[in-house]
Novice: 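Submitted below is the structure of interest, expressed as structure tokens.
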Amino acid sequence: MRVSASRFRSIFFAVISLTAMAAHADWYHREAAIMGTRIAVELWHEDASEAERAIEAVLGEMRRVDALMSHYKPESQLSQINARAALAPVAVDSELASLIERAGKLSALTGGAFDITYASVGYLYDYRAHQRPTDEQIEAGLGAVNWRHVVVDPKDSTVRFTRSGVRIDLGGIAKGYAVDRAIAILESHGVRHASVTAGGDSRIIGDRFGRPWIIGIRHPDDADQVIARIPMIDAAISTSGDYERYFDEDGERFHHIIDPHTGKSASKLRSVTIIGADATTTDGLSTSVFVMGPERGIELIERLGDVDAVVVKSNGKVLYSSGLAPP
Ligand code: ADP
Ligand code: MG
């Protein structure tokens with residue numbers, strides 16, 4: 001029997017495409033804009049539709065966390081706290097109460113450098129409109145900035161403020177938290193190689209083609225220039241910089257990381273990158289060390305032991321914690 005060339009070709013391609021459908025192990029990517037930032041998911045999967053399902057679940061989770069914790073959305077539980085917690089305890093999901101409690105622990109650990117009540121003054125800044133508060137306005141609002149004004153009752157899952165004028169904002173920790181939630185979801189889908197990014201916060205599962213993932217830390221003044229490459233397997237990394245949301249006025253930079261003790265943009269560093277096991281921790285610590293500055297910040301990182309830091313000083317000098325320093 002003779003098989004014509006064209007018939008042979010069609011059998012050949014049918015076999016190829018069947019194989020492809022049965023086991024199409026590949027990398028799958030998706031990007032989306034959620035939580036006011038760029039979300040990127042990349043994962044390895046044997047099955048295309050399973051991969052898509054896992055990605056959808058991740059994006060759905062990001063939207064859920066945003067709806068719960070956004071301070072832009074008046075209907076979010078976080079906004080409900082800001083509207084009413086000075087009058088009476090506000091009942092919230094235990095998940096939100098726990099994250100607010102965790103933020104309080106980070107405040108205690110960092111001597112108040114991390115403080116979600118920074119927002120009592122922070123809301124007066126509008127970086128897009130180049131607006132900032134006057135010294136008088138900062139002075140008037142600063143009394144409300146203190147993490148001890150926020151009282152969480154984990155038993156009743158309520159949050160209250162001890163005085164009026166307090167506002168909270170989880171912008172320094174919520175993206176890292178959302179990344180951790182995303183990673184938990186991917187693990188529950190059986191994913192073993194993945195990366196999830198929300199703005200400056202990323203976490204990695206497994207390796208990439210048998211090698212570590214390489215995460216670049218950008219130059220504070222040039223998004224295309226990389227100052228360090230960090231190899232990572234099963235780890236989280238967060239960067240805080242003064243170039244994310246800012247405006248310059250008379251040579252001074254006003255940006256989105258506020259020193260709770262002054263109500264003004266923290267100016268001791270240009271950027272801080274933290275590497276650790278989970279993104280909630282690295283996110284919170286990157287904001288914290290940015291406020292604390294190089295000496296106290298690195299000292300905290302060395303004391304914690306299970307995290308590392310790369311900081312870029314105002315003069316451009318790059319410092320590494322001892323876990324990253326060359327041997
Ligand atoms: P990004 O949001 O660019 O990833 P960060 O993780 O450093 O950067 O978080 C900065 C955000 O943290 C700010 O936009 C604000 O919402 C919040 N924030 C600013 N200052 C503080 C502070 N001292 N403590 C806690 N949160 C802060
Ligand atoms: Mg942060």
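Counting starts at 1 for both ligands and their atoms, following the listed order. These figures come from a predicted structure and were not determined experimentally.
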Novice: I want to check a possible cation-pi pair here: Arg208 against Trp44, using under 6.0 Å from ring centre and within 45° of the ring axis as the test.
Specialist: no
Novice: Which heavy-atom pair separates Ser120 from Ala144 by the least distance, and what is that distance?
Specialist: OG-O, 3.5 Å
Novice: Considering residues at least two apart in sequence or located in another chain, which fulfil the side chain to side chain donor-acceptor pair (under 3.5 Å) criterion with Glu61?
Specialist: Arg64, Arg181
Novice: Thinking salt bridges, do Lys264 and Asp135 make one under a 4.0 Å N-O criterion?
Specialist: yes
Novice: Can you list every protein residue that has a heavy atom under 4.0 Å from any atom of ligand 1, sorted by chain and residue number?
Specialist: Ala113, Phe114, Asp115, Tyr118, Asp169, Gly171, Gly172, Lys175, Ser240, Glu244, Arg245, His256, Ile257, Ile258, Pro260, Asp283, Thr287, Val291
Novice: Any N/O/S atom from Thr287 (main chain or side chain) under 2.8 Å of the Mg ion (ligand 2)?
Specialist: yes
Novice: Going by the angle between their ring planes, with limits at 30° and 60°, are Tyr127 and Phe247 parallel, tilted or perpendicular?
Specialist: tilted
Novice: In Asp283, the N, O or S atom nearest to the Mg ion (ligand 2) is which?
Specialist: OD1
Novice: At their closest point, which heavy atom of Thr282 faces which heavy atom of Ile275, and how far apart are they?
Specialist: CG2-C, 3.8 Å
Novice: Using ring centroids (six-membered ring only for Trp), state whether His130 and Tyr125 fall under 6.0 Å.
Specialist: no
